[in-house]
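Taking it in order: structure first as structure tokens, then the write-up.
Chain A is the first sequence line, chain B the second, and so forth, proteins listed ahead of strands; every chain is numbered from 1. Owing to the predicted nature of the structure, the values given are computational and were not obtained by experimental measurement.
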Amino acid sequence: MNVFAHVEERIKSALAALQARGELPADLAIGGIDVEPTRDPAHGDVASNVAMVLAKAARAKPREIADKLAAELRSEATFIKVAVAGPGFLNVTLAPSMWQGVVTSILKEGDAYGRSTLGRGEPINVEYVSANPTGPMHVGHCRGAVFGDALANLLAFAGYDVTREYYINDAGAQVDVLARSAYLRYREALGEDIGEIPEGLYPGDYLKPVGQGLAMAFGRSLLGKPEAEWLPDVRQVAIGDMLVQIREDLAALNIRHDVFFSERSLTNGNRDEVAVTIDELRAKGLVYEGRLEKPKGHDVDEWEDREQTLFKATEFGDDVDRALLKSDGSYTYFASDMAYHHNKLARGFKHLINVFGADHSGYIKRMKAAVAALSDGKADLDIKVCQLVRLLRAGEPVKMSKRAGTFVTLREVVDEVGRDPVRFMMLYRKNDATLDFDLAKVIEQSKDNAVFYVQYAHARAQSVFRNVRETFSDLDVMGVEVAAADVSMLTDPSELDLVKRLALFPRLVEGAAAAHEPHRLAFYLNDLAASFHSLWSRGNESPHLRFIQPSDRKVTTARLALMRSCAQVVTSGLGILGVHAPSEMR
RNA sequence: GCGCCCAUAGCUCAGCUGGAUAGAGCGUCGGCCUCCGGAGCCGAAGGUCAGAGGUUCGAAUCCUCUUGGGCGCGCCA
């Protein structure tokens, strides 16, 4: 049961009643109504702005409408107080049974509590990570990976049919560099002294095993041949090895993708999907041969003013038209990416989400333009940009240089601080704000650290479940006696405070899913844990508020029900974030 | 030069797509362990929401400008 939905429903039927009696215009457009928790308990439990929103269209004063609605709603049995306040807020105080009933429904729904039909089962494609397959994942990839994964979880929880996708950039010049670098390691594996790795090739040691693997597979057969003969084979092996490693890195973070989509596959088979896409755009009159102006204020060496094949991105809000072919006639990355999105649309996705790193933010407009053009405006693309992560250790920046091979890998970070803290901290911030990630602080188990704070709440609840067996040996915490507990015994303000927080969960899930903002969940869980810990401490001061009351089985059962529903929401919420809810912290 | 993102308490950040008196954590100061886990709880101090206009019943939130930071700027990916 969603209490906010319940109130909204009652308000709407009250409006209908007023319209039926002619007290409000019959053709009044009902929209934009908010039903939200009050910030101040003095305003009751739930507040709505109905009257203010409808005032103009109804040509009446907000307070007048609110008064009429209030009169109508006072007969509602689940409302114990309906008041009009301020500029025209409708403040509703609910009967305690409404709140207590939340506990019962959480236990009834179990891990389905909070799930939503917002997505109506519609397919949605979330593309994230998509790191170049030229090396192990480094910390820079970490945030986008965790964000995309949590967002995908959240959307699935909110009723979407989610496909998690990784775009493999295996067709450009970078993978050729990878192949050359691997070939060098191959020669090294066969005993040759390769000396310093030349400028422009990847120096990392991670390619040594690739070289050894090539030596095993090909023996000396690739030696002394021209590059054109060995490069495709070496490239394929190297990319394959890199992808294996990337999947392992992702698995360490509990991340998995449904589809790994190869850029090369767009042009590999009988059908050149890039050409098809460009033809389609040409048929729409969106492709032309032309010249671009040299960008101002930015040093572009060797600018060559030449005619090229361009996509009319400016017709869809981009700043300039974008090139589809390079000077050597091959496709630009953007052309391939358009074909890739054309492919997504062809697979039936009308909702697309791409997770980008901050360094790709300049790419947003052209990508949105591409999807708008390809789908004739019928599909939506949301691009979530994850800002940079500053890696610190005890306040000092960790120095990284990709050239010197001293960049910190994702695996190193996960191994050092653990999966749960990494995931939670990456999500405990808006995606478009920069993030300081301090390796020393993240493992401190204190309130500084929201992960442990939230997990601790769950562990404490589990601890009570263990302890209760000593008092009521025949009481099964997970059984029907608790599920059917008399929740009307939950009357203490701090108990109701926790219940109200639990009641917020479904509403929060919908808001976070609609906004594509999983971080809201992390903050919610922190607040929920605070309510829980507060209630717990009340028991330290007032023994009659402890969960286990040896002399009162009914009260104990009711409180166990509350604990169980809280543990359920913590588990569900952390689950969406991909964080484990432990039964003990020791 | 242009585009995008950011600016909220001493510090790190929320603020539920425009709601009522702007909230947490850390830090500072003061309290709470004979019993369900003190990795916790309770309280106090701390604000020109960068600045100036505008939109309206109502703005930290939306629009314009200014200031100060970050990222990016034909054929790289």
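Ala459(A) comes within contact range of at least one nucleobase, with a heavy-atom separation under 4.0 Å. Nucleic acid contact class of Ala173(A) (heavy atoms, under 4.0 Å, all strands): sugar-phosphate only. Ala47(A) comes within 4.0 angstrom of a nucleotide base, judged by non-hydrogen atoms across all strands. The residue Tyr333(A) sits close to a base: some heavy atom pair falls under 4.0 Å. Within 4.0 Å of Asn132(A), counting heavy atoms only, lie sugar-phosphate atoms of the nucleic acid but no base atom. Across all strands shown, His533(A) has heavy atoms under 4.0 Å from sugar-phosphate atoms exclusively, and none from any base. Within the 4.0 angstrom heavy-atom criterion, base atoms lie near Ile548(A). Nucleic acid contact for Tyr428(A): none, since no nucleic acid atom lies under 4.0 Å from a heavy atom of the residue. Within 4.0 Å of Arg429(A), counting heavy atoms only, lie sugar-phosphate atoms of the nucleic acid but no base atom. Contacts of Lys365(A) with the nucleic acid, taken as non-hydrogen atoms under 4.0 Å apart, involve only primed sugar atoms and P, OP1 or OP2. Residue Ala55(A) is classed as having no contact, given no heavy-atom separation below 4.0 Å to the nucleic acid. Among the heavy atoms of the strands, none lies under 4.0 Å from Pro62(A). Across all strands, His519(A) comes closer than 4.0 Å only to sugar-phosphate atoms, never to a base (heavy-atom distances). Backbone-only engagement by Gly172(A) is indicated by non-hydrogen atom pairs under 4.0 Å involving sugar-phosphate atoms exclusively.
A donor-acceptor contact under 3.5 Å links the side chain of Ser327(A) to the base of C75(B). At a cut-off of 3.5 angstrom, counting only N and O atoms as typed in the model, there is a donor on one side and an acceptor on the other between the side-chain of Arg546(A) and the base of C35(B).
Distance noted for atom C1' between A14(B) and U61(B): 13 Å (whole Å). Spacing between A77(B) and G70(B) at atom P, rounded to whole Å, works out to 28 Å. Comparing the C1' positions of A44(B) and A59(B) gives an interatomic distance of 31 Å, to the nearest angstrom. Between G23(B) and A60(B), the distance separating the two P atoms is 13 Å to the nearest Å. Taking the P atom of each, G43(B) and G25(B) are spaced 10 Å apart, rounded to whole Å. Taking atom P on both nucleotides, G10(B) is separated from A50(B) by 13 Å, rounded to a whole Å. With both ends at atom C1', the span from G15(B) to G72(B) equals 29 Å, rounded to whole Å. Distance noted for atom P between G27(B) and U12(B): 15 Å (whole Å).
Base-pair partner of C16(B): not found among the strands shown (Watson-Crick or G-U wobble, both distances under 3.5 Å). Partner assigned to C35(B) is none, using Watson-Crick or G-U wobble distances below 3.5 angstrom. Taking a pair to require two hydrogen-bonding distances under 3.5 Å in either a Watson-Crick or a G-U wobble arrangement, G1(B) pairs with C73(B). Searching all strands for a Watson-Crick or G-U wobble partner of G27(B) with both distances below 3.5 Å returns nothing. Nucleotide G53(B) is matched to C63(B) when pairs are restricted to Watson-Crick or G-U wobble geometry with both distances under 3.5 angstrom.
Taking atom NZ of residue Lys441(A) and atom P of nucleotide G25(B), one finds them 15 Å apart after rounding to whole Å. Straight-line distance from the OH atom of Tyr363(A) to the P atom of A77(B): 10 Å, rounded to whole Å. In this structure, His43(A) places its NE2 atom 12 Å from P of A22(B), rounding to the nearest Å. Distance Asp40(A) CG to G23(B) P: 9 Å, rounded to the nearest Å. Summarising the geometry, the separation between CZ on Arg538(A) and P on C42(B) is reported as 10 Å, rounded to the nearest angstrom.
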(request) Run the numbers on Asp492(A) and Arg559(A) for salt bridge (Lys or Arg N to Asp or Glu O under 4.0 Å), then give the verdict. (result) CA-CA 11 Å; Asp492(A) 189 82; Arg559(A) 289 179 182 167; over 6 Å; no
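Of the candidates A14(B), G37(B), C41(B), G37(B) carries the atom nearest the Arg466(A) side chain, counting heavy atoms from C-beta on. Here C73(B) is the nucleotide among G37(B), C41(B), C73(B) with the atom lying nearest to any side-chain atom of Pro295(A). When distances run from any side-chain atom of Phe523(A) to the nucleotides C71(B), A14(B), G19(B), the shortest one goes to A14(B). Comparing C71(B), A14(B), C36(B) against the side chain of Ser361(A) picks out C71(B) as the nearest. Checking C76(B), G37(B), G15(B) against every side-chain atom of Arg520(A), the shortest atom distance belongs to G15(B). The Met52(A) side chain lies nearest to G19(B) when the options are A77(B), C36(B), G19(B). Distance from the side chain of His360(A) is smallest to A77(B) among G74(B), A77(B), A14(B). Closest contact between the side chain of Ser534(A) and the listed nucleotides C41(B), G40(B), G19(B) involves C41(B). Of the candidate nucleotides U56(B), C75(B), G40(B), U56(B) has the atom nearest to the side chain of Lys56(A).
Between Asn540(A) and the phosphate of C36(B), there is no side-chain N or O to OP1/OP2 separation shorter than 4.0 Å.
Here Lys294(A) does not pair with Asp305(A) in a salt bridge; the nearest charged N to carboxylate O distance is not below 4.0 Å. One finds no salt bridge joining Lys61(A) and Asp67(A) here, because no Lys/Arg side-chain nitrogen approaches an Asp/Glu carboxylate oxygen to under 4.0 Å. Classification of Lys312(A) and Asp321(A) as a salt-bridged pair fails, no side-chain N sitting under 4.0 Å from a carboxylate O. Salt-bridge check for Arg538(A) with Glu495(A): failed, with every basic side-chain N at 4.0 Å or more from each acidic carboxylate O.
With a glycosidic angle further than 90° from 0, C71(B) counts as anti.
Ring centroids of Phe523(A) and Tyr428(A) are separated by less than 6.0 Å, placing the two rings close together.
A parallel orientation is assigned to the rings of Tyr340(A) and Tyr167(A), their planes being inclined by less than 30° (bins at 30° and 60°). Aromatic ring orientation, His360(A) versus Tyr363(A): perpendicular (interplanar angle above 60°, classes split at 30° and 60°).
Each of His341(A), Lys384(A), Glu165(A) was compared with Asn354(A) under the side-chain hydrogen bond (donor to acceptor under 3.5 Å, both in side chains) criterion, and only His341(A) meets it.
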